[in-house]
Amino acid sequence: IPIITLMSLEVVLSFICMKSSLMRRALDGKPAILIEKGKIIEKELTKMRYNLDDLTEELRSEGYFDVRDVEYAILETTGSLNIIPIASKRPLTPADLELEVDEESITYTVIADGKLLKKSLESSGHDINWLNKKLKENNIENMSEIFYASVTGKDFHFQKRGKQ
């Protein structure tokens, strides 16, 4: 009975939170800004029951050793800390350098432990004929010689079985 009661309560509360932003805010809370423009907001730390040691540890784990390097640190309702660094401490991106880059593609594992993963091969946009051609180009006679093979776009990568 207690387990069923707890499960029912969880379902009901989840449904209510899904339908009402007021209830969601009341039950889940709202994000809190712990650092603003390089200054720790002591009042928010106390309100969120977040201590200074936890805050500095989170900052260090994200690579920020000085609070002044952080524009905003936001404690999310999930308990994670999102950090927005000051502009001069943000990592460079290709857009910052006005570089054009190719879009990333998903990597599909097509052979695992010598066995063909047919659905993965199809999802990659290739077929068995393409794979056989790639194997032949690399002087591989049988898939059982392959420990691992993957496809990213048109790029084929493989690792032969090795003796351990």
Side-chain angles (χ1 to χ4, degrees), residues 3-4 6-8 10-21 23-25 27-35 50 54-67 69-164:
I3 292 173
I4 291 172
L6 287 173
M7 285 176 40
S8 300
E10 167 61 26
V11 169
V12 169
L13 288 175
S14 294
F15 181 76
I16 291 171
C17 285
M18 195 169 63
K19 296 295 181 184
S20 168
S21 62
M23 283 301 290
R24 185 170 42 251
R25 209 174 14 254
L27 292 174
D28 293 341
K30 62 179 187 166
I33 297 174
L34 301 182
I35 297 176
Y50 208 79
D54 290 339
L55 178 63
T56 55
E57 182 181 332
E58 284 289 325
L59 291 174
R60 285 191 307 271
S61 71
E62 293 294 323
Y64 300 98
F65 297 90
D66 191 339
V67 175
D69 293 341
V70 177
E71 188 76 24
Y72 291 98
I74 304 165
L75 182 63
E76 301 294 347
T77 58
T78 60
S80 64
L81 187 69
N82 285 324
I83 299 167
I84 301 170
I86 61 174
S88 63
K89 297 294 180 172
R90 290 186 187 140
L92 274 178
T93 65
D96 293 332
L97 301 173
E98 297 178 3
L99 296 174
E100 287 188 32
V101 293
D102 294 333
E103 292 296 319
E104 296 274 334
S105 296
I106 295 176
T107 299
Y108 296 92
T109 301
V110 294
I111 299 174
D113 202 21
K115 294 187 177 37
L116 173 66
L117 304 176
K118 197 171 187 174
K119 286 185 181 179
S120 187
L121 179 63
E122 290 169 0
S123 296
S124 75
H126 300 289
D127 60 14
I128 191 70
N129 294 328
W130 178 87
L131 181 60
N132 286 333
K133 181 181 170 191
K134 288 292 183 184
L135 293 174
K136 192 172 186 177
E137 286 173 7
N138 289 286
N139 299 319
I140 300 167
E141 294 181 24
N142 194 326
M143 276 185 233
S144 61
E145 296 177 46
I146 303 291
F147 177 67
Y148 171 80
S150 63
V151 176
T152 307
K154 293 181 180 180
D155 183 40
F156 178 69
H157 167 75
F158 68 93
Q159 178 181 330
K160 283 187 169 185
R161 289 183 184 275
K163 301 204 177 186
Q164 309 255 346

Next on the checklist: With a sphere of 6.0 Å drawn around CG of Leu6, does it hold more than 12 non-hydrogen atoms of other residues, nucleotides or ligands?
Outcome noted: yes
Item to check | Heavy-atom neighbours of Ile4 CD1 exceed 12 at 6.0 Å | outcome: no
Item to check | Glu137/Lys134 under salt bridge (Lys or Arg N to Asp or Glu O under 4.0 Å): CA gap, chis, key distance, verdict | outcome: CA-CA 5 Å; Glu137 286 173 7; Lys134 288 292 183 184; 3.7 Å; yes
Separation of [Y] [atom2] from [X] [atom1] (nearest 0.5 Å):
{"X": "Ile146", "Y": "Lys160", "atom1": "CD1", "atom2": "NZ", "value": "7.0 Å"}
{"X": "Ile106", "Y": "Ser124", "atom1": "CD1", "atom2": "OG", "value": "10.5 Å"}
{"X": "Ile128", "Y": "Lys133", "atom1": "CD1", "atom2": "NZ", "value": "14.5 Å"}

[X] side chain near [Y] side chain, heavy-atom distance below 4.5 Å:
{"X": "Val12", "Y": "Ile16", "result": "yes"}
{"X": "Ser105", "Y": "Thr152", "result": "yes"}
{"X": "Leu131", "Y": "Met143", "result": "yes"}
{"X": "Phe158", "Y": "Val110", "result": "no"}
{"X": "Leu135", "Y": "Glu141", "result": "no"}
{"X": "Lys136", "Y": "Asn132", "result": "no"}
{"X": "Pro31", "Y": "Leu75", "result": "no"}

Search all heavy atoms of [X] against all heavy atoms of [Y] and return the closest pair with its distance.
{"X": "Leu117", "Y": "Ala112", "value": "CD1-CB, 4.0 Å"}
{"X": "Val101", "Y": "Pro94", "value": "CG1-CB, 3.8 Å"}
{"X": "His126", "Y": "Lys154", "value": "NE2-CA, 4.4 Å"}
{"X": "Pro91", "Y": "Asp96", "value": "O-OD2, 3.8 Å"}
{"X": "Trp130", "Y": "Asp127", "value": "N-OD1, 2.9 Å"}
{"X": "Val70", "Y": "Tyr64", "value": "CG2-CB, 4.1 Å"}

Item to check | Verdict with reasoning, Tyr148 to Ile111, per side chain to side chain contact (heavy atoms under 4.5 Å, CB included) | outcome: CA-CA 5 Å; Tyr148 171 80; Ile111 299 174; over 6 Å; no
Next on the checklist: As a quick check of understanding, evaluate side chain to side chain contact (heavy atoms under 4.5 Å, CB included) for Ile3 and Met7, giving each step before the final call.
Outcome noted: CA-CA 6 Å; Ile3 292 173; Met7 285 176 40; 4.0 Å; yes
Indicate yes or no for a side-chain donor-acceptor contact from [X] to the backbone of [Y] under 3.5 Å, with no hydrogens or angles considered.
{"X": "Ser120", "Y": "Thr109", "result": "yes"}
{"X": "Arg161", "Y": "Asp113", "result": "yes"}
{"X": "Asn142", "Y": "Ser144", "result": "yes"}

Checklist entry - Yes or no on side chain to side chain contact (heavy atoms under 4.5 Å, CB included) for Leu55 and Leu81, after CA distance, side-chain angles and deciding distance? => result CA-CA 8 Å; Leu55 178 63; Leu81 187 69; 3.8 Å; yes
Item to check | Test item: side-chain donor near acceptor, Glu10 and Ser14, under 3.5 Å | outcome: yes
Checklist outcome for this item: In Leu59, Leu34, Ile35, the residue satisfying side chain to side chain contact (heavy atoms under 4.5 Å, CB included) with Ile83 is Leu59
Checklist entry - Between Lys119 and Glu122, is there a salt bridge with N-O shorter than 4.0 Å? => result no
